[in-house]
Amino acid sequence: MIKAFLFDIGNVLVKFDHAPAVAKIQAHSDASAEAIREVVTQLIEPLETGRISSDKFLQQVSDGIGYRGTAAALAEAYCDIFQLNEPMWELVASLADRYPLYLFSNTSELHLGFLNARYPEMASFTDGIYSMRVGAMKPDREIYQAALDLLQVAPEEIFYIDDLEPNIAEGQKHGFQTHCYLWQRHEALLAEVGRVL
């Protein structure tokens, strides 16, 4: 019997596209789009495991690409990449009054703060397990244990939705019931949720 749900964020609850962010950043830098992506990519893991602060991340990106705008403008451009996956939010709304729902994500304080401010729907979730607070990223074992510690239910009573196979495989090792999600095949998730409830 399912007692709680774990939802990944990126490509599950929201779709994302980095291209507009890169274009906005490039408007205030002489760096190429490729160079911007390279600098940001090198800093994502330290940011999303909490090894560097948001301010340090923004400063290092700015220094790395010769950014001429403000830190606030850089943060806005970096974060404004998301679009709600509307069918998933219909599922969230249908579950929220019956089950505790938890976010389970490799993310940063920058992105989480932006999402919470932009989308009131995020309040549907009871709590979350985030890489930058745990200090480990999916599919590291530590973050799955952190989820179990927070949820306080048996692993087989957790239904976990993620878009990446390695993350799902680790969830299965921990005993979670899982679904590897593709937004193009949303009906497959609905069928699986119907089966387990």
Side-chain angles (χ1 to χ4, degrees), residues 6-89 92 101-125 127-140 142-143 146-147 161-167 181-184 186:
L6 281 176
F7 284 80
D8 181 35
I9 297 177
N11 281 330
V12 175
L13 293 168
V14 292
K15 303 172 189 177
F16 60 88
D17 180 4
H18 292 289
V22 172
K24 288 179 186 175
I25 293 169
Q26 196 173 15
H28 299 279
S29 168
D30 295 328
S32 67
E34 182 180 350
I36 291 168
R37 289 179 185 274
E38 183 178 341
V39 169
V40 171
T41 298
Q42 290 173 351
L43 294 169
I44 284 177
E45 185 172 350
L47 177 68
E48 292 190 350
T49 54
R51 298 202 306 274
I52 62 172
S53 67
S54 298
D55 288 345
K56 188 169 185 180
F57 168 79
L58 294 170
Q59 187 61 58
Q60 289 187 5
V61 170
S62 184
D63 292 346
I65 66 171
Y67 186 74
R68 295 185 294 271
T70 65
L74 180 58
E76 175 72 15
Y78 175 69
C79 292
D80 193 11
I81 61 173
F82 301 107
Q83 179 184 3
L84 287 182
N85 180 11
E86 298 286 357
M88 186 62 79
W89 286 96
V92 167
L101 310 179
Y102 295 85
L103 298 164
F104 188 43
S105 183
N106 292 339
T107 193
S108 63
E109 297 288 359
L110 281 170
H111 278 166
L112 185 63
F114 179 88
L115 288 165
N116 284 333
R118 172 70 60 91
Y119 300 118
E121 294 91 341
M122 296 288 283
S124 301
F125 289 88
D127 205 341
I129 306 95
Y130 308 111
S131 59
M132 77 283 190
R133 297 181 186 170
V134 175
M137 298 178 75
K138 295 180 294 183
D140 294 341
E142 293 85 352
I143 195 168
I161 304 161
D162 201 298
D163 68 309
L164 297 178
E165 286 281 5
N167 298 346
Y181 181 74
L182 292 173
W183 62 264
Q184 300 93 331
H186 183 75

**Prompt:** Applying salt bridge (Lys or Arg N to Asp or Glu O under 4.0 Å), which residue pairs with at least one partner in residues 13-30 are found, sequence neighbours left out?
**Reply:** Lys24-Asp80, Asp30-Arg68
**Asked** Taking it one step at a time, do Ile143 and Met137 satisfy side chain to side chain contact (heavy atoms under 4.5 Å, CB included)?
**Response** CA-CA 6 Å; Ile143 195 168; Met137 298 178 75; 5.9 Å; no
**Fill in**
In short, Asn11 meets Tyr181 closest at the heavy-atom pair O-CD2, 3.5 Å
**Message:** So, using side chain to side chain contact (heavy atoms under 4.5 Å, CB included) as the criterion, who are the partners of Ala71 when residues are at least two apart?
**Reply:** none
**Item:** Gap separating the CG atom of Leu115 from the CG atom of Leu13, nearest 0.5 angstrom
**Value:** 9.0 Å
**Request:** Can you tell me which residue pairs pass the ring-ring contact (aromatic ring centres under 6.0 Å, His included) test with a partner in residues 38-59, sequence neighbours excluded?
**Result:** Phe57-Tyr78
**Message:** Pairing donors with acceptors under 3.5 angstrom, does anything connect the side chains of Gln59 and Asp55?
**Reply:** no
**Fill in**
Applied to residues 40-53, the salt bridge (Lys or Arg N to Asp or Glu O under 4.0 Å) test, sequence neighbours excluded, yields none
**Message:** For the backbone of Ile25 and the side chain of Ser29, can you confirm whether one donor and one acceptor N or O come within less than 3.5 Å of each other?
**Reply:** no
**Asked** What do you reckon, is CD of Gln184 surrounded by more than 12 foreign heavy atoms closer than 6.0 Å?
**Response** yes
**Message:** Under the rule for ring-ring contact (aromatic ring centres under 6.0 Å, His included), what residues qualify as partners of Phe82, not counting sequence neighbours?
**Reply:** His111
**Fill in**
Sorted by chain and residue number, the side chain to side chain donor-acceptor pair (under 3.5 Å) partners of Glu109 (sequence neighbours excluded) come out as Arg133
**Message:** Quick check: closest heavy atoms across Ala21 and Ile81, and the distance to 0.1 Å?
**Reply:** CB-CG2, 3.5 Å
**Fill in**
Shortest non-hydrogen pair, Leu103 vs Met122, comes out as CD1-CE, 3.7 Å
**Message:** To check you understand the geometry: which heavy-atom pair defines the closest contact between Val92 and Ser124, and what is its length?
**Reply:** CG1-CB, 3.7 Å
**Message:** Checking Glu142 now: which residues fulfil side chain to side chain donor-acceptor pair (under 3.5 Å) with it, not counting sequence neighbours?
**Reply:** none
**Item:** Flag side-chain contact, heavy atom, 4.5 Å: Ile129 against Tyr102
**Value:** yes
**Complete:** Nearest heavy-atom approach of Asp163 to Gly10 is OD1-O, 3.4 Å
**Asked** If every non-hydrogen atom of Leu47 is compared with every non-hydrogen atom of Ser53, which pair is closest and at what distance?
**Response** CD1-O, 4.0 Å
**Message:** Rounded to the nearest 0.5 Å, what separates atom CD1 in Ile44 from atom CG in Asn106?
**Reply:** 11.0 Å
**Asked** Okay, side chain of Ser105, backbone of Tyr130: is any donor-acceptor separation there less than 3.5 Å?
**Response** no
**Prompt:** Given Lys56 and Leu43, is the side chain to side chain contact (heavy atoms under 4.5 Å, CB included) satisfied, shown in steps?
**Reply:** CA-CA 10 Å; Lys56 188 169 185 180; Leu43 294 169; over 6 Å; no
**Item:** side chain to side chain contact (heavy atoms under 4.5 Å, CB included) partners of Pro166, counting only residues at least two apart
**Value:** Pro139, Leu164
**Fill in**
Residue set satisfying side chain to side chain contact (heavy atoms under 4.5 Å, CB included) with Ala75, at least two apart, ordered chain then number -> Leu58, Leu110
**Request:** Under the side chain to side chain donor-acceptor pair (under 3.5 Å) rule, collect the residues that match up with Asp162, sequence neighbours excluded.
**Result:** Lys138, Tyr160, Asn167
**Asked** Partners of His18 by side chain to side chain donor-acceptor pair (under 3.5 Å), sequence neighbours excluded?
**Response** none
**Prompt:** Roughly how far apart are Leu101 CG and Phe125 CZ, rounded to 0.5 Å?
**Reply:** 5.5 Å
**Request:** Sequence neighbours left out, what passes side chain to side chain contact (heavy atoms under 4.5 Å, CB included) with Leu84? Give chain and number order.
**Result:** Val14, Glu86, Trp89, Tyr119, Glu121
